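What you are looking at is a predicted structure, and each value in this text was computed from that prediction instead of being measured.
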Amino acid sequence: MTHPTSLPASTDPAQHPAVFAAAFNSGDPALLARVYEPGAVFVPAPGTTTTGPDLQRATAEFLALGLPITVRPRHTYVADDIALLIVDWEITGTTPDGAPVHLTGTATDVARRDPAGHWHYVIDNPFGIAGP
């Protein structure tokens, strides 16, 4: 994975999943953290939420797989400065230690536009309606 020093912030909520994927695929936890707003909630497993430093640790576990994510936005619904994003995603490949990985889901994510017009995740729920 490459480590760019910056990514363009999204001014279009429908493009935010692509910005997330680019940050994720960089492998850089600091870059990935920029797609979230302070206080954001991440759902690392169905029924489990995390925020703050625990959010960063949880996303780092996904980054540690060393595999890229692909995203396919399905729906984007916007009300003022809030957007609901329904996004199909997939992580497939072999980890650095040789373990096969195939993770998929349909995320139900909430993003908010900041005062500069850029979108950030408030809630990142990659497993959508999957049960615990």
Trainee: Do the side chains of Y36 and W89 join up, straight or via other hydrophobic residues, at under 4.5 Å, putting them in one cluster?
Mentor: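 Yes, same cluster.
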Trainee: Can you list the steps and then say if T94 with V101 is a side-chain contact (heavy atoms from CB on, under 4.5 Å)?
Mentor: CA-CA 6 Å; T94 304; V101 172; over 6 Å; no
Trainee: Only distances under 3.5 Å count here; give the side-chain donor-acceptor pairs of residues 10-20 to other protein atoms, sequence neighbours excluded, each with its distance to 0.1 Å.
Mentor:
from: S10; atom 1: OG; to: D12; atom 2: N; distance (Å): 3.2
from: S10; atom 1: OG; to: D12; atom 2: O; distance (Å): 2.4
from: D12; atom 1: OD1; to: A14; atom 2: N; distance (Å): 3.0
from: H16; atom 1: ND1; to: W119; atom 2: O; distance (Å): 3.3
from: H16; atom 1: NE2; to: V35; atom 2: O; distance (Å): 3.3

Trainee: As an exercise, state the distance from NE2 of H102 to OG1 of T92, rounded to the nearest 0.5 Å.
Mentor: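 That separation rounds to 4.5 Å.
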Trainee: Under 3.5 Å, is there a donor-acceptor pair between the side chain of H120 and the main chain of R34?
Mentor: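 Yes; judged by distance alone, with no hydrogens or angles, the pair exists.
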Trainee: Are any of the side-chain heavy atoms of D124 and V41 separated by less than 4.5 Å?
Mentor: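 Heavy-atom side-chain distance check fails, nothing below 4.5 Å.
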Trainee: Looking only at non-hydrogen atoms, find the nearest pair between T108 and G128 and report the distance.
Mentor: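 Closest heavy-atom pair between T108 and G128: OG1-CA, 3.6 Å.
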Trainee: Give the minimum heavy-atom separation between I82 and R112, together with the two atoms involved.
Mentor: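 Between these two residues, the closest heavy atoms are CD1-CG, 3.9 Å.
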Trainee: How many angstroms lie between atom CG of L32 and atom CD of Q56, to the nearest 0.5 angstrom?
Mentor: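 The distance works out to 9.0 Å.
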Trainee: How long is the gap from CG on D54 to OG1 on T48, to the nearest 0.5 Å?
Mentor: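 Output value for this atom pair is 11.5 Å.
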Trainee: Taking side chain as C-beta onward, heavy atoms only, is I69 less than 4.5 Å from F62?
Mentor: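 Heavy-atom side-chain distance check fails, nothing below 4.5 Å.
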Trainee: Working to the nearest 0.5 angstrom, can you tell me the gap between T106 OG1 and F127 CZ?
Mentor: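 The distance works out to 11.0 Å.
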Trainee: Provide the full list of salt bridge (Lys or Arg N to Asp or Glu O under 4.0 Å) pairs with a residue in residues 60-74, sequence neighbours left out, each pair given once.
Mentor: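 Sorted pair list: R74-D88.
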Trainee: Is there a path of hydrophobic side-chain contacts, each under 4.5 Å between heavy atoms, that joins V87 and I123?
Mentor: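 Each belongs to a different hydrophobic cluster.
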Trainee: With sequence neighbours excluded, what pairs up with T50 under the side-chain hydrogen bond (donor to acceptor under 3.5 Å, both in side chains) test?
Mentor: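 Partners of T50 by the side-chain hydrogen bond (donor to acceptor under 3.5 Å, both in side chains) criterion come out as none, since no residue qualifies.
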Trainee: Give me the atom names and distance for the closest heavy-atom approach of G27 to P29.
Mentor: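 Looking at all heavy atoms of both residues, the shortest contact is O-CD, 3.3 Å.
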Trainee: Any donor and acceptor pair, going by atom type alone, linking the side chain of T51 with main-chain N or O of A40 inside 3.5 Å?
Mentor: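 Indeed, once roles are kept as given, a pair shorter than 3.5 Å links the two residues.
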Trainee: Should I86 and V78 be regarded as members of a common hydrophobic cluster, given that ILVMFWY residues are connected when their side-chain heavy atoms come within less than 4.5 Å of each other, either directly or indirectly?
Mentor: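 No: no chain of side-chain contacts under 4.5 Å links I86 to V78.
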Trainee: At what distance, to the nearest 0.5 angstrom, does CG of L84 lie from CG of D109?
Mentor: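 Separation between the atoms: 8.0 Å.
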Trainee: Quick one: do L63 and I91 end up in the same hydrophobic cluster if we chain Ile, Leu, Val, Met, Phe, Trp and Tyr together by side-chain heavy atoms under 4.5 Å apart?
Mentor: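 L63 clusters together with I91.
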Trainee: Side chains of T59 and F24: closer than 4.5 Å at any heavy-atom pair?
Mentor: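 No, every pair of side-chain atoms sits at 4.5 Å or beyond.
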Trainee: Are L85 and I129 connected in the hydrophobic side-chain network, where two residues link if heavy atoms are under 4.5 Å apart?
Mentor: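 Hydrophobic grouping puts L85 apart from I129.
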Trainee: With a 4.5 Å cut-off on side-chain heavy atoms, are L103 and L67 touching?
Mentor: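 Contact flag for L67/L103 side chains = no.
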Trainee: Can you measure from CG (N25) to OG1 (T70) and round to the nearest 0.5 angstrom?
Mentor: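 Between N25 CG and T70 OG1, I get 8.5 Å after rounding to 0.5 Å.
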